[in-house]
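Heads up, the thing below is written out as structure tokens.
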Amino acid sequence: MSARNRIPQHVAIIMDGNGRWAERHGLDRNEGHVRGVEPIRTVVRTAVRHGIGCLTLYAFSTENWGRPAAEVGALMELFCRCAASEMPELRDQGVRVRIIGDRSRFSAEVRENLEALERDTTRGARLTLVLALDYSSRAELVGAARRLAREAAAGRLDPETIDERRFADALWTAGLPDPDLVIRTSGEQRLSNFLLWQASYAELCFTEVLWPDFTEADFEHALDEYARRDRRFGRVGTPEECERRDEEK
Ligand code: FPP
């Protein structure tokens, strides 16, 4: 597998800066979230066009419940509205939606809309669009540990058989490839409790652009940067040497 000129199999994006974008334009923060929908359409279309198999978007962190009730309410409404309005185009493009996170805290209405989106896009085979909603990586890891411990305590699982594969299968992201590239907008340079296990070897790309301004060119730029990175996964040598060694195994 060559590490150069490669399209990532899985791109994950921390969509940040909606609030600052709105403030800079003298608008309500919620308008920033509304304006954040168009770049989502753009990255989905671009991902499909490039043959990226999986795109994960951090849309609502568990910490986001701590925002003012009016902002949380506006976000919930936006999720409901978009789940319905975007469904036809997502289906046309061959997109399958999958939700990760603790969906139990959403209202029945939000949950039903999101689950309908998952259900009605199951045939999408070109791109898996993963929406991280009420997502916390630490909560995901604790949940996985608890599930495995419960299985072991019930005598259905030998603790000695727990390896990385088995553990990954207990995460919300079970069955998905690890992200190759994580992009964060708005100039912040941290992961903020996002895919901490899964992004262990991901390339990180940070841009100053605020999410509502994120364009196809910005996405392409991140993909180009990814293609130029040398990914060695702890090995030594040029990507070509690593590749050759892998093939010899
Ligand atoms: C971060 O910006 C963004 C969010 C918390 C919400 C992301 C939601 C969308 C892009 C809207 C639509 C989503 C879907 C899935 C339909 P921020 O508010 O933290 O920005 P700030 O750091 O400038 O305050």
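Start at 1 with the first residue, then count along the sequence. What's counted below: heavy atoms across the whole structure, side chains too, no hydrogens, waters or symmetry copies. Atoms within a ligand are numbered from 1 in the order they appear, just like the ligands themselves.
In terms of polar-atom proximity, Arg29 is counted as a contact of ligand 1, with an N or O under 3.5 Å from an N or O of the ligand. At a 3.5 angstrom cut-off on N or O pairs, Asp16 counts as close to ligand 1. Annotation: Gly17 places an N or O atom under 3.5 Å from an N or O atom of ligand 1; distance criterion only. Checking only distances, Arg20 does come within under 3.5 Å of ligand 1, N or O to N or O. Distances between N or O atoms of Leu75 and those of ligand 1 include no value under 3.5 Å.
We find that Glu115 and Arg103 are joined by a salt bridge, their nearest charged nitrogen and carboxylate oxygen being less than 4.0 Å apart. Under 4.0 Å is where a charged nitrogen must lie from a carboxylate oxygen, and between Glu23 and Arg20 no such pair does. Ion pairing between Glu151 and Arg147 fails under the 4.0 Å rule for side-chain N and carboxylate O.
Given atom 7 (C) of ligand 1, the protein heavy atom at minimum distance is Ala59 O, 3.4 Å. Nearest protein neighbour of atom 5 (C) of ligand 1, counting heavy atoms only, is Asn64 OD1, 3.5 Å. Taking atom 3 (C) of ligand 1 as the reference point, the nearest protein heavy-atom neighbour is Met15 O, 3.3 Å. Closest to atom 10 (C) of ligand 1 among all protein heavy atoms lies Asn18 ND2, 3.5 Å. The nearest heavy-atom contact from the protein to atom 18 (O) of ligand 1 is Arg67 NH1, 2.8 Å.
Below 30°, between 30° and 60°, or above 60°: for Trp197 and Phe167 the angle between ring planes is between 30° and 60°, a tilted geometry. Using a 30° and 60° split on the angle between ring planes, Trp65 and Phe106 fall in the tilted class, from 30° to 60°.
Against a heavy-atom cut-off of under 4.0 Å, Leu78 is close to the following atoms of ligand 1: 11 (C), 12 (C).
No option in Arg35, Arg29, His33, Glu31 other than His33 meets the side-chain hydrogen bond (donor to acceptor under 3.5 Å, both in side chains) test with Asn18.
Residue Cys82 touches ligand 1 through its side chain alone, judged by heavy-atom distances below 4.0 Å. Looking at Leu57 against ligand 1, nothing comes within 4.0 Å, counting heavy atoms. Contacts with ligand 1 closer than 4.0 Å are made by no heavy atom of Glu86, backbone or side chain. Contacts between Leu133 and ligand 1 below 4.0 angstrom, taking non-hydrogen atoms only, are absent altogether. Residue contacts with ligand 1, taken as heavy atom pairs separated by less than 4.0 Å, involve Phe79 solely via side-chain atoms from C-beta onward.
The shortest side-chain heavy-atom distance between Cys54 and Thr56 falls under the 4.5 Å cut-off. Within the 4.5 Å cutoff, the side chain of His10 has no heavy atoms near those of the Gln198 side chain. Asn193 is listed as a side-chain neighbour of Glu63, based on a closest heavy-atom distance under 4.5 Å.
For Phe214 and Trp21, the ring centers are positioned 6.0 Å apart or more.
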